[in-house]
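Bear in mind that the values here come from a model prediction, so they are computed numbers and not experimental data. Each chain gets a letter, A, B and so on, in the order the sequences are listed, and its residues count up from 1.
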Amino acid sequence: MELPKTYDPKPVEAKWLEKWAKDKLFESSPRSSREKDSPFVIVIPPPNITGALHMGHALNNTLQDVLTRFWKMRGCEANWVPGTDHGGIATQNVVEKALKAEGKKRNDLGREKFLERMWRWKQECGNTILEQLKKMGCALDLRPENVRFTMDDVRGKAVTEAFKRLWGKGLIYRGERMINWCVRCGTALSDIEVEHEERDSKLWHIHYPLYVGGEGGLCGEGPVVATTRPESMLGDTAVAVHPEDKRWKHLIGKKCRLPLTDRIIPIIGDRAVDPKFGTGAVKVTPAHDPVDFGIGQRNDLESRPVIGFDGKMTPLAGPEYRGLDRDACRKKVVEDLRAGNLLREEKPYRHSVGVCYRCNQAVEPLVSKQWFLNMEDSARKAIEATKQGKVRFYPQSWEKPYLNWLENIQDWCISRQIWWGHRIPVWYCPNSKETFSYDRPGMKVEVGDVDCKPMFGTELDRPKQCSGCGSAQLEQDPDVLDTWFSSALWPFSVFGWPDKTKELGYYYPTTVLVTGYEILYLWVARMVMMGVEFMGEVPFRDVYIHGIVRDRFGKKMSKSLGNVVDPLVLMEKYGTDAMRFALMTQTVPGRDIQFSEDSIVGARNFCNKIYNATRYILMILEKLPSEVRKKIAGHVSEPQNLLKMNLDLADRWILGRYSQTVQSAKASFAGYRVDESARSIYDFLWGDFCDWYVEISKLSPPEKKTEVFGIVCVVLEGCLKLLHPIMPYITEELWQVLNDKLGKKSEDCLLQQKWPDFGLLPNTQDAESMRMMKDLITAIRTMRSEFGVPPGEKIEVYYDKMENSLYNLYRDNVHLVINLAKVKGDAAGNNPPRNSLQYSLPWVTIYIPRSEVDGDKLKTKLNKELVSLASEIESLSKQLENQDFVSRAPREKVSEIKRRHEEARQRQSRLQEVLRNLN
RNA sequence: GGGCCGUUAGCUCAGCGGCAGAGCGUCCGCCUUACACGCGGUAGGUCGGGGGUUCAAAUCCCUCACGGCCCACCA
């Protein structure tokens with residue numbers, strides 16, 4: 001059967017995907033004990049069930065797959081744990097959008113019906129992304145019973161248990177605080193779910209007339225405040241200045257009139273005011289600004305919420321403004337101020353605005369009653385563990401920002417006013433003052449007057465009656481938990497915590513977490529805290545942080561920019577292995593990737609190169625007698641035996657380079673430098689093996705075929721293993737075909753093979769000798785090319801006398817020169833005819849007899865070389881004349897410089913002689 | 001305001017104390033029976049600027065400039 005000339009990934013990928021699943025290759029179960037037999041464990045950053053695979057997933061999961069496959073081949077019990085995340089706000093938004101298309105809102109359906117709809121969505125679309133990961137070749141055990149979901153029963157149990165324990169410790173509390181409210185999503189957000197975006201706006205200076213007292217209030221020149229949010233002035237309850245500010249100090253204690261209203265507000269002194277900013281006077285809106293909230297508390301100011309949960313002005317904003325949207329209100333306030341001659345200045349101002357990380361709308365700081373989690377204690381423990389080196393960051397530079405965040409830990413607002421998520425397991429008595437309906441938009445405020453305490457309980461295990469008044473009319477808190485709450489438990493909830501399962505004992509703590517830096521605080525830091533809190537041990541030893549995949553101009557990919565590349569399209573067009581390889585060569589820990597299609601073309605070409613090299617080798621094997629093939633198969637099984645054979649320079653050289661590549665690829669994979677690994681295998685396989693050794697193998701005499709093709713097959717087979725973690729499909733295919741051709745029948749897959757361990761150390765003498773032969777061949781090729789010798793023409797070459805050891809080297813390998821540089825025969829040491837092309841290496845001068853030599857062209861070339869040689873000699877001799885260098889540098893270094901200096905001098909004198917002969 | 005990362009060939013990026021590298025692109029020549037998704041050859045760089053440490057700096061330290069990111073109650 002003829003193999004086609006170019007590699008066609010599609011049928012190959014489909015075939016092996018099926019075989020891997022059939023052979024249960026990715027399944028894992030705990031071995032006897034962790035101490036004896038430590039596993040390699042990764043829990044997947046659970047993709048959101050709304051998600052379709054994007055380049056970020058492709059990068060993140062390819063990295064995990066590479067590591068998983070590598071360590072499995074290294075003999076570890078490898079377990080990459082799959083699952084998905086319910087994705088709170090994000091997922092609810094998607095379904096709400098679908099509802100909107102039907103002209104409905106979630107309230108039209110009611111909670112129960114809406115949740116049914118959410119679950120239906122999860123059933124239908126929730127596994128899409130896992131299917132796509134499977135297509136990418138990910139070594140995930142995707143049997144339904146092995147796929148976790150943050151809202152399945154086991155994970156739900158973990159969430160309740162975690163809540164209960166934290167509640168029991170008094171770390172979870174309900175409080176009225178200023179929180180970030182997303183008007184569009186209709187929920188509170190935690191501080192780190194707010195992103196800061198620079199936006200163009202204006203800074204307005206507003207005059208607040210002084211109130212001098214008396215009937216009706218005589219108004220005089222008062223403070224001028226600076227603000228970026230004029231609409232919030234309707235909720236002002238004071239003006240604040242710095243207590244020592246000379247400009248305004250005299251006003252402290254006086255009052256002024258709040259423009260557009262008839263309210264009289266005090267002028268106070270507070271150190272939170274920066275005298276250098278704006279006018280030095282600040283309007284204070286305790287209900288809508290975190291700083292002002294603090295000022296309000298310190299100075300016992302009234303809080304007047306003028307912006308509601310719906311983003312519209314409340315009745316407190318006054319009859320003129322109530323019901324207006326906050327943006328419309330801003331316009332009107334500015335107009336009215338201008339009309340009232342109270343607007344002193346209006347200048348363009350660019351400043352950062354907090355926006356919702358899910359919908360990009362400006363968040364509104366509002367006072368609201370929410371659930372909070374105090375994490376000071378677990379943060380302290382997490383810091384301690386990290387500083388003891390129990391968590392290591394790759395790259396290390398991320399440790400500092402992570403620690404810094406932990407050191408400044410704030411209480412975490414964990415309640416969300418949405419329906420999709422883990423419902424807060426707390427029940428209220430309707431007769432109590434403490435009840436959920438207190439501040440919910442659109443809910444009736446019915447506050448009882450009894451002091452009953454909220455009670456812990458779930459929907460399935462609800463408290464029967466109020467522990468205070470005995471009422472049986474208990475109602476559960478309508479809110480759900482932040483989606484990141486369940487994510488924080490992921491590294492142990494996936495193994496069945498709080499049950500003490502065998503899995504939990506064997507797989508926890510996990511080996512490495514692979515993730516992007518954008519969720520370092522949202523997720524990574526919180527997992528560490530919850531890990532130390534509940535397991536008493538950090539959840540992972542290593543954190544590998546990768547960057548973002550950007551477009552070819554370095555811009556973030558986004559739907560609105562239209563610069564998104566779809567990994568599935570790339571896989572379809574170039575093959576999955578090509579996409580994986582392209583990503584892996586470009587990912588340096590912690591750094592973003594500028595991805596363009598060019599890079600994947602290169603990777604595709606590499607696939608083709610490997611494919612064709614194998615195709616060639618198969619063709620050769622076919623032609624060999626079956627007993628030779630058998631011997632070759634023996635070498636592939638026992639590569640060490642090759643070292644006992646009679647080997648030529650090139651053989652020893654390629655085996656040395658091979659063993660070097662095996663070692664460096666191993667070290668790089670183990671150190672999370674997949675990029676280095678990929679590059680070193682690429683360079684070796686293409687640059688050394690294909691370009692040189694396979695070409696050389698074509699020259700081997702019949703009696704050496706066993707050794708030479710033994711080496712070819714050993715190196716190829718080994719490289720397929722080295723590449724397998726990165727390019728699973730093509731390597732599997734070629735490895736199977738190769739084995740088949742070698743008569744090694746097996747049902748096994750490449751992933752089940754041991755990582756190559758080739759004991760030969762590269763011999764420096766061989767490497768040096770081979771370099772000299774390659775240099776000679778290249779020099780002759782260069783002359784041929786530069787002086788237009790027709791490619792097919794065999795040429796005569798003469799050499800200067802070489803010293804004995806060099807001559808022996810040359811003589812032993814002359815067949816390489818003859819064939820690879822297309823030279824007629826061995827003429828070393830003969831007297832070259834006049835009219836020769838002449839060229840020098842440090843150890844020999846080459847003469848190529850030509851009648852039609854272009855002397856000028858040759859002279860130009862030689863002169864150019866002499867110039868660069870001269871500068872090299874100068875810098876080398878300078879070093880050697882430097883006594884400090886000779887005495888202080890390591891001895892090997894000094895002798896190396898001496899050697900290079902001597903070589904350069906020799907080459908120089910040879911070139912000069914060549915030039916003289918030309919004249 | 002604090003911190004982090006980057007600045008190396010035309011482009012994208014490795015290298016991070018001891019001879020400046022790769023891929024793509026350029027230019028020249030080749031369908032040499034594994035591969036034109038290929039082969040051989042070629043050009044192209046004061047390693048952002050300035051100081052310092054060192055026998056030796058793209059590499060370590062300081063500083064400046066530019067670009068990007070993160071954090072902070074930047075009215």
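Among the heavy atoms of the strands, none lies under 4.0 Å from R784(A).
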Item to check | ring pair (Phe, Tyr, Trp, His ring centres under 6.0 Å) assessment of F393(A) paired with W398(A) | outcome: CA-CA 6 Å; F393(A) 284 84; W398(A) 280 106; 8.6 Å; no

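Not a single donor-acceptor contact under 3.5 angstrom links the side-chain atoms of K5(A) to the base of C35(B). For Q586(A) against A14(B), a side-chain-to-base donor-acceptor contact under 3.5 Å is absent. Side-chain atoms of K698(A) and base atoms of A34(B) include a donor and an acceptor less than 3.5 Å apart. Judged by atom type and distance alone, S352(A) reaches the base of C74(B) through a side-chain donor-acceptor pair under 3.5 Å.
One C1' atom belongs to G48(B), the other to U59(B), and the distance between them is 15 Å to the nearest Å. Atom name P, nucleotides G17(B) and C60(B): the rounded distance is 6 Å, in whole Å.
Within the structure, every side-chain polar atom (N or O) of R899(A) is placed at least 4.0 Å from both OP1 and OP2 of C19(B).
One can place CD1 of I780(A) at 18 Å from C1' of G29(B), the figure rounded to the nearest angstrom. Look at OH on Y616(A): it is 12 Å from P on U33(B), rounded to the nearest Å.
Positionally, the nearest nucleotide of RNA chain B for N605(A) lies more toward the 5' end than for the other of N605(A) and I777(A).
Annotated stems with RNA chain B as a participant read B:1-7 with B:65-71, B:10-13 with B:21-24, B:27-30 with B:38-41, B:48-52 with B:60-64, given as range with range, by first number; only runs of 3 or more Watson-Crick or G-U pairs under 3.5 Å qualify.
The aromatic ring centroids of Y544(A) and Y394(A) lie 6.0 Å or more from each other.
Screening E903(A), E902(A), E896(A) for a salt bridge (Lys or Arg N to Asp or Glu O under 4.0 Å) involving R899(A) leaves a single residue, E903(A).
Although no hydrogens or angles enter the test, the distance criterion places a donor-acceptor pair under 3.5 Å between the side chain of R526(A) and the main chain of L522(A).
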